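Worksheet: the structure to be examined is printed underneath.
Letters A, B, ... are given to chains in the order of the sequence lines, protein chains preceding strands, and every chain is numbered from 1. In this text, all values refer to a predicted model and were calculated from it rather than measured experimentally.
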Protein chains: 2
Amino acid sequence: MDSLPNNIPDCTFFFLAKAHQKAHSLLKKRLIQYGLTNMQHLILEGLWYQEGATAAELGKLLILDKATLSGIIDRLDEGGWIEKRLDKNDKRSFRLYPSEKANVIKDELIDVRKKGNDLLLADFTMEEKIIFKRLLRTLFLKR
Amino acid sequence: MDSLPNNIPDCTFFFLAKAHQKAHSLLKKRLIQYGLTNMQHLILEGLWYQEGATAAELGKLLILDKATLSGIIDRLDEGGWIEKRLDKNDKRSFRLYPSEKANVIKDELIDVRKKGNDLLLADFTMEEKIIFKRLLRTLFLKR
DNA sequence: AAAAACTCCTTTGTATACGAACAAATAATT
DNA sequence: AATTATTTGTTCGTATACAAAGGAGTTTTT
């Protein structure tokens, strides 16, 4: 029998949670100075990637629950990071655009994320980085 | 120039968040029938692994914030999953033990987690599983 | 032994997550 | 066209996360 029958250290759920925790923390530290949370930053990049998207479209792109998105969009709006424009064809929804305030530091914000990424995987070889991302992608795209 | 200059799909932060989201969701579905959340289940396994641990010790073992732990332990206690016994040597803390109710389905609960793990990585080859876990571990143990 | 430093846990405030229920609007069906 | 089904976004309730501050107990210093 195993000396560690209930070996939590070999639990992928645990590993994933902790790796995510670490990554989240790393980026959070670099975004705090802008007054942005990780999720707010992600939505903003999503909008730069797809300007004028609706909340529903963003939810699909970023795999986010609509209830969660609702709150994040509210806070981005309150913070002056985005603009909500009513959709003329669909009175239920509105189109979202990064604000001028956001656009001014767009490159800087994206760079923070990119450099954070590099730092996060700094100890991996190029091959490991590629494999790692492939496996993560396989995992979350599953089914 | 890249056709996807702000390529969110190549962001490890995003991948990790989504892989974790998927894993969390998978286990959550299997624990809901017991009335346990993923985190409550993790704490419980931690206690089986280290009975009589204090909240501080659990925090170190599972890399959890003490404030977060406080609430989870409360709910585990309210649900009758654990027992809190005052520490005789240190009046600030208490020792935690899985309750009889928890012990009765211990093997079953651990099996849910193990089978969930297997399912999560079902599409990976044995080699990929090992590499994946090694990389995740390297990542969250960093620094 | 008294003061200072430290540790344990709780509480508060803010920000995700997400299921469930809802109102309003739009699309599909009959 | 009227009914039904679906979609969009909000709100509510519960459960993490975690920084920050506070109270009580312990340990270390002086």
Rounded to whole angstroms, how far apart are [atom1] on [X] and [atom2] on [N]?
| X | N | atom1 | atom2 | result |
| --- | --- | --- | --- | --- |
| B:Leu64 | D:dA17 | CG | P | 7 Å |
| A:Leu16 | D:dT16 | CG | C1' | 17 Å |
| B:Asp87 | D:dT26 | CG | C1' | 12 Å |
| A:Lys28 | D:dA19 | NZ | C1' | 7 Å |

Open item on the list: As an exercise, state the distance from CG of A:Leu64 to NZ of B:Lys18, rounded to the nearest 0.5 Å.
Closed with: 4.0 Å

- [ ] Measure the CG-CE distance between B:Leu121 and B:Met126 for me, rounded to the nearest 0.5 Å.
- [x] 10.0 Å

Open item on the list: Can you tell whether the side chains of A:Arg134 and B:Glu128 come within less than 4.0 Å, N to carboxylate O?
Closed with: yes

Task: A:Phe140 and B:Phe14 aromatic ring geometry - parallel, tilted or perpendicular at 30°/60° bounds - done: perpendicular

Open item on the list: Classify the ring geometry of B:Phe124 against B:Phe132: parallel below 30°, tilted from 30° to 60°, perpendicular beyond 60°.
Closed with: perpendicular

Open item on the list: Under 4.0 Å from a heavy atom of chain B: give me the 5'-most and 3'-most nucleotides of DNA chain C that qualify.
Closed with: C:dT7 to C:dC18

Open item on the list: If you assign A:Gln21 and B:Asn89 each to the DNA chain D nucleotide with the nearest heavy atom, which residue ends up on the more 5' nucleotide?
Closed with: A:Gln21

Task: Protein-to-nucleotide contact annotation, 5' to 3' order, nucleotides 7-15 of chain D [B base; S sugar-phosphate only; - none; under 4.0 Å, heavy atom] - done: BBBBB---S

Open item on the list: Is the shortest side-chain heavy-atom distance between A:Ile82 and A:Tyr97 below 4.5 Å?
Closed with: no

